[in-house]
Amino acid sequence: MNSQERIQELRKELEKYNYEYHVLDTPSVSDYEYDKRMQELVSLEEEYPELITADSPSQRVGGKPLDAFEKVQHVIPMLSLGNAFNEEDLRDFDKRVQDGIGEQVSYVCELKIDGLAISLRYEDGLFVQGATRGDGTTGEDITVNLRTIRSIPLRMPEGETIEVRGEAFMPHRSFIALNEAKEENGEEPFANPRNAAAGSLRQLDPKIAASRNLDIFLYGVGQWDAGELESHSERLEYLKKLGFKTNPEWRKCATIEEVIAYVQEWTEARNQLNYEIDGIVIKVDHLDQQEELGFTAKGPRWAIAYKFPAEEAIT
Ligand SMILES: NC(=O)c1cnc(N)c2cc(Br)sc12
């Protein structure tokens with residue numbers, strides 16, 4: 001086997017191990033085995049730098065810090081949702097939807113991740129750009145920092161050209177470790193994981209972002225010319241098939257009663273998660289019904305965000 005073939009073989013192995021560990025949470029090799037192969041890849045790429053490609057597992061943490069972030073225009077605006085605060089608000093939402101459609105409508109419920117909304121663009125399967133939501137139409141290009149999130153594939157097996165959307169966040173254990181380090185250095189700790197994730201992704205030095213152990217759940221699609229799926233639930237399944245990390249707790253709900261039961265279940269169970277959620281997102285599942293309902297100035301008529309009551313401060 002020549003060096004180029006060995007480099008290709010190492011990249012495939014490392015991408016597989018990375019996917020198993022960071023997306024499936026089911027590692028098949030030890031960190032030692034992973035690190036040994038990464039070391040071999042880095043040495044071979046140092047010997048043959050002309051063979052280095054942007055999607056090589058060795059290229060996740062970029063070089064020098066940026067001077068600033070470029071602006072990115074979102075061709076399809078990134079959503080903001082109207083809020084529901086109690087069961088009555090949810091029933092009012094359901095009534096508006098049923099009146100608007102005139103027949104039974106099914107929903108998808110998802111955990112509302114307390115992080116920051118992100119858009120990822122892939123061209124022919126290659127990760128080419130990642131951006132913050134910003135004001136919904138103009139965000140910031142933070143590609144170099146998003147490349148450091150290990151659950152984001154640098155290349156997906158299917159050569160899809162697609163924009164996917166989700167929420168970047170800082171898991172509890174990363175947040176605790178970061179604030180402990182900050183306090184040891186006499187620095188101001190972050191108030192909550194959302195601020196810590198936002199602050200980390202807005203670092204101009206990708207090495208700092210890489211050190212923050214961020215993660216992401218993908219849950220939506222932006223620009224996608226080939227898109228021919230009929231429902232949001234099919235999109236969630238397709239994102240998973242493409243190799244993205246999707247949140248496993250989503251559920252199809254045939255009625256608002258089932259939505260209310262799901263909300264109740266996670267109001268009680270959210271403290272068992274190893275990441276913060278601040279509510280539940282409820283969406284009409286069928287895309288043609290979403291289109292029929294359309295938008296108000298505040299946001300889509302076909303989705304709403306139920307917000308958990310503020311937790312009593314533990315005194
Ligand atoms: N699954 C979802 O749709 C979802 C999850 N977490 C969030 N913070 C948000 C925000 C919007 Br806007 S949608 C959404």
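What you see below is based on every heavy atom in this structure, not just the backbone, and it leaves out hydrogens, waters and symmetry mates. Everything numeric here is computed off the predicted structure, so don't read it as measured data. All ligand and atom numbering here is 1-based and tracks the order in the structure.
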[Y]/[X] salt bridge by N-O under 4.0 Å criterion:
X	Y	result
E123	R121	yes
R202	E140	yes
K71	D141	no
R91	E257	yes

Checklist entry - Between Y238 and W224, is the ring centre distance below 6.0 Å? => result yes
[atom]: the protein heavy-atom neighbour that sits closest, reported with distance to 0.1 Å:
atom	value
atom 8 (N) of ligand 1	I113 O, 2.8 Å
atom 9 (C) of ligand 1	Y219 OH, 3.4 Å
atom 12 (Br) of ligand 1	L79 O, 3.5 Å

Any atoms of ligand 1 less than 4.0 Å from a non-hydrogen atom of [X]? List them with their elements.
X	answer
E167	7 (C), 8 (N), 9 (C)
K283	2 (C), 3 (O)
E110	1 (N), 2 (C), 3 (O)

Next on the checklist: What I want to check is whether the side chains of Y107 and D94 have a donor and an acceptor closer together than 3.5 Å.
Outcome noted: yes
Next on the checklist: Side chain or backbone, does V281 bring an N or O within less than 3.5 Å of an N or O on ligand 1?
Outcome noted: no
Checklist entry - Is L111 in contact with ligand 1, taking contact as a heavy-atom separation below 4.0 Å? => result yes
